[in-house]
Amino acid sequence: MIADAATGVALALRGEGDPYALSRTLRQGDALALAAIRVLGADALAPYALGHRAGPGGEDESVVREALAAYPPGVAASDVSVWSYRGLIEASHAFLNGGADGWPRPPEAGAGWIGTDPWPRLSYRASQLAALALPGLAPGLAEALAARTDDLSRGFVRAVRRQDWLQAAGLGRWLARLPEVPPTLGLDGGLAFVRQMSGGDARVALHVVAARRFHGRGW
C-alpha cells in the first residue's frame, strides 16, 4: 500500500495519471491506509504543493486528520517520528484549504542532533525526513541541515557506494533543496543513477521525482 501511494504521488508530480486525490488511494477507516499516510508524511500531500490546493472539507482533509489522530508520536518517540508528524501537520496547513481549526498542535521537535550527530548518523536521520524537503516546509530544519551540507554530501556518496538507494535518494532530495552543494558531488547524475539502480523502488522514485520537480535537480 505504501508503494502504491508513493507511485501515485510520483505520477502526479510528473503530471501523469488521473488528477491526484489522496483519498482515492488511501481511504478513511482503513488502518493500513492511515499508517501509510504516516509513513509518507508530508509527501502524501506533495502534489498539492504544485499550486492547486485540495478543496475545503474534502475527503483528503478527513483522511489526513484521521491519520494524525490514529498515529500521534508517543512520549518516547524518536526525533524523526516527531518531525515527520509535525511535517504532515505543516503540509496540511500549507496545502489543504480546510483552515487551521481542528488540527493537532504541532509538537516540539528536537533539532540538537543536527549539530552534534556524526555524519553517518546525521545522514541516516536526514534521509528519513526527506518528505520535509518540500518547498516551504520546516525552514528551521532546512537551515540547520544547510550548515552540514558537506556531511550530507558524504552521506550521499556513502549510501550510493553501499547501494542503499532509499537513503541515497532521501539525501539527494535534501541536497537538491539546500544551497551551495559542491559541484564536484555530481548531484544531477547521482540522482539519475540512484533511480536507475533502485530496481523500481517506488519511494526512491518519489524522492528523485520530487527533487527534479521542485528543485530542478536530477535528469
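Computed from a prediction, not measured in an experiment: that's the story for all the values here. Excluded from the calculations below are hydrogen atoms, water molecules and symmetry mates; all remaining heavy atoms, backbone and side chain alike, are included.
- Closest approach of A70 to L34, counting heavy atoms only: CB-CD1, 4.1 Å.
- Put simply, the side chain of W174 never gets that close to the backbone of A142: no donor and acceptor are under 3.5 Å apart.
- Within a 6.0 Å sphere centred on CZ of R177, other residues, nucleotides and ligands contribute more than 12 heavy atoms.
- Proximity of a side-chain donor or acceptor of H215 to a complementary backbone N or O of A133 within less than 3.5 Å is detected.
- Side-chain contact between V160 and W165: present, with at least one pair of heavy atoms (C-beta onward) separated by less than 4.5 Å.
- Within 6.0 Å of atom CD in E108, 12 or fewer heavy atoms from other residues, nucleotides or ligands are found, so the atom counts as exposed in its surroundings.
- Not a single salt bridge (charged side-chain N to carboxylate O under 4.0 Å, His left out) links D164 to another residue, sequence neighbours left out.
- Not a single donor-acceptor pair under 3.5 Å links the side chain of R213 to the backbone N or O of G15.
- Clustering ILVMFWY residues whenever any of their side-chain heavy atoms sit less than 4.5 angstrom apart, transitively, puts L45 in the very cluster that holds L50.
- Atom OH of Y71 sits in a crowded spot, with more than 12 heavy atoms from other residues, nucleotides or ligands closer than 6.0 Å.
- With contacts defined as side-chain heavy-atom distances shorter than 4.5 Å, the pair W119/D150 does not qualify.
- Looking at every heavy atom in both residues, G87 comes nearest to A42 through O-CB, 3.8 Å.
- Expressed to the nearest 0.5 Å, how far CZ of F95 lies from CG of L22 amounts to 13.5 Å.
- When atom types are taken as modelled, the side chain of E90 and the backbone of A138 share a donor-acceptor pair closer than 3.5 angstrom.
- In this structure, CG on D60 lies 9.5 Å from CD on Q28, to the nearest 0.5 angstrom.
- For L88 against G41, the heavy-atom pair with the smallest separation is CD1-O, 3.5 Å.
- Heavy-atom minimum distance, V9 versus P47: CG1-CD, 3.9 Å.
- Judged purely by atom type and a 3.5 angstrom limit, R86 uses its side chain to pair as donor or acceptor with the backbone of P107.
- Cluster membership for L68 and I37, using ILVMFWY side-chain heavy atoms within less than 4.5 angstrom, is shared.
- For R148 (side chain) and I114 (main-chain N/O), a donor-acceptor pair under 3.5 Å exists by modelled atom type.
- When every heavy atom of A5 is checked against every heavy atom of T25, the shortest pair comes out as CA-CG2, 4.0 Å.
- Expressed to the nearest 0.5 Å, how far CG of L206 lies from CZ of R14 amounts to 10.0 Å.
- L11 and L40 fall into different hydrophobic clusters, where Ile, Leu, Val, Met, Phe, Trp and Tyr are joined by side-chain heavy atoms under 4.5 Å apart, directly or via other members.
- With a 4.5 Å cut-off on side-chain heavy atoms, L122 and L145 count as touching.
- Checked options V208, L134, L191, V209; the residue passing with R173 is L134 (criterion: side chain to side chain contact (heavy atoms under 4.5 Å, CB included)).
- L166 and L171 fall within a single hydrophobic cluster, where Ile, Leu, Val, Met, Phe, Trp and Tyr are joined by side-chain heavy atoms under 4.5 Å apart, directly or via other members.
- Atoms CD1 and CG, from I2 and D43 in turn, are 12.5 Å apart once rounded to the nearest 0.5 Å.
- Side chains of S81 and R38 form a contact here, defined as non-hydrogen atoms less than 4.5 Å apart.
- Residues Y124 and L175 do not share a hydrophobic cluster, defined by chaining ILVMFWY side chains whose heavy atoms lie under 4.5 Å apart.
- For S153 (side chain) and T149 (main-chain N/O), a donor-acceptor pair under 3.5 Å exists by modelled atom type.
- Note that R212 lies outside the cation-pi zone of W219, set by a 6.0 Å cut-off to the ring centre and a 45° limit from the axis.
- Here the side chains of S123 and F156 are not in contact, with every heavy-atom distance at 4.5 Å or above.
- Interatomic distance, NE2 of H207 versus CD of Q167, reported as 10.5 Å (0.5 Å rounding).
- The two residues S84 and L129 come nearest to each other via the heavy atoms N-CD2, 3.9 Å.
- Distance check, rounded to the nearest 0.5 Å: CZ of R125 to CG of D117 gives 4.0 Å.
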